[in-house]
Engineer: 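Sharing a structure below in structure tokens format, with a few things to ask.
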Amino acid sequence: MIDLIAKSAAEGLLPVTIGTMTLTELPLREMHSIAPFKGAEVSAALKKATGVGLPDTGRAIAKVDVEILWTARGQYVLIGATPPKLPAAITDQSDAWCSVVLSGEGAPQVMARVCPLDLGRMGEGDVARSFVGHMTAIIIKRAEGFEIMVFRAFAKTLVHELREVMVSVTAQATLPD
Amino acid sequence: MRINCPICGDRDRREFYYLGASDYLNRPAEGDLDAIHKYLHIRENPAGVTKDLWHHEAGCSSWLVVERNVTTHEILGVELASEVAK
Ligand SMILES: [Zn+2]
């Protein structure tokens, strides 16, 4: 039996630390998008099977190793568990995304340059769809900073964009007046 | 310009895609050629208040009816297209 080696989306690019900020990649996990059929009740059955029900708009719910994100109108992403059979359109999206965490003191300044969201309004566990640079992204506010998810094919561009801004923000912070 | 999405809240204009007049919500019956011609091609195009369809493309993916004044860029109201088309 051939033992395949899993390669993460940002393999060889991360982690990177510049100034006070660190960008790290999160390990690949099982992921499914869940889009409930019109008027269908799925939350209770989902909760029974995975420990998490459907979150409110713009929110995430985490229980032990399982998390569910609101990702669009009528669309959710379940991470770390297999969804049961539900009256919903379910798509396996494992390996389809790249997930990184930007942390450190300068993280809000970096995000302010690449993302049009009003990030100061986001609290821990808040989720938003928006842009990072020209890429459509899922942005989640975490205790340590911002988690950013983009389509896997954008991994290199995401790291490039954030890295450039991390360098620039650090340079400006260290320039003499 | 900012648009207050009923689902996501106040967001930057670059997250939205513009389609055209909200007349697109009133699709005429099939076969009525005169009505279809008007539906596709005839617009009021006022220099003032208009109602347009916008897609929250980089956000929640909702279609919105945005009422705005094209001469002042003032946004007067935003509704979900699914509610308007009910
Ligand atoms: Zn929206």
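Just so it is clear, the model here is predicted, and its values are computed rather than measured. Reminder, nothing fancy here: chain letters follow the sequence lines and each chain counts from 1. The figures here come from the full heavy-atom set of this structure, side chains too, leaving out hydrogens, waters and symmetry mates.
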Engineer: Of the non-hydrogen atoms in B:Cys60 and A:Ala72, which two are nearest, and what is the gap between them?
Structural biologist: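 Distance-wise, the nearest heavy atoms are O-CB, 3.6 Å.
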Engineer: Should A:Leu175 and A:Val167 be counted in the same cluster of Ile, Leu, Val, Met, Phe, Trp and Tyr side chains packed under 4.5 Å apart?
Structural biologist: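 No, A:Leu175 does not connect to A:Val167 through the hydrophobic network.
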Engineer: Is A:Met122 linked to A:Phe131 within one hydrophobic cluster, defined over Ile, Leu, Val, Met, Phe, Trp and Tyr using a side-chain heavy-atom separation of less than 4.5 Å?
Structural biologist: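 Unlinked, A:Met122 and A:Phe131 end up in two clusters.
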Engineer: No hydrogens needed, just list the donor-acceptor pairs between chain A and chain B under 3.5 Å.
Structural biologist:
from: A:Arg73; atom 1: N; to: B:Cys60; atom 2: O; distance (Å): 3.0
from: A:Arg73; atom 1: NH1; to: B:Ser62; atom 2: OG; distance (Å): 3.2
from: A:Arg73; atom 1: NH2; to: B:Ser82; atom 2: OG; distance (Å): 2.8
from: A:Arg129; atom 1: O; to: B:Arg11; atom 2: NH1; distance (Å): 2.9
from: A:Ser130; atom 1: N; to: B:Ala58; atom 2: O; distance (Å): 3.1
from: A:Ser130; atom 1: OG; to: B:Glu15; atom 2: OE2; distance (Å): 2.5

Engineer: Can you hop from A:Val114 to A:Ile138 via hydrophobic side chains spaced under 4.5 Å?
Structural biologist: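 A:Val114 clusters together with A:Ile138.
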Engineer: Please output the residues of residues 4-23 of chain A in contact with chain B, using a heavy-atom cutoff of under 4.5 Å, in numerical order.
Structural biologist: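 None at all.
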Engineer: Tell me, yes or no, whether the heavy-atom count around A:Arg163 atom CZ, taken from other residues, nucleotides or ligands under 6.0 Å, exceeds 12.
Structural biologist: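 For A:Arg163, atom CZ is not crowded (no more than 12 foreign heavy atoms under 6.0 Å).
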Engineer: For the hydrophobic clusters of this structure (ILVMFWY residues joined by side-chain heavy atoms under 4.5 Å, transitively), does one cluster hold both A:Ile61 and A:Ile139?
Structural biologist: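 Shared cluster, no.
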Engineer: Should A:Ile140 and A:Leu28 be counted in the same cluster of Ile, Leu, Val, Met, Phe, Trp and Tyr side chains packed under 4.5 Å apart?
Structural biologist: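 No, no single cluster joins them.
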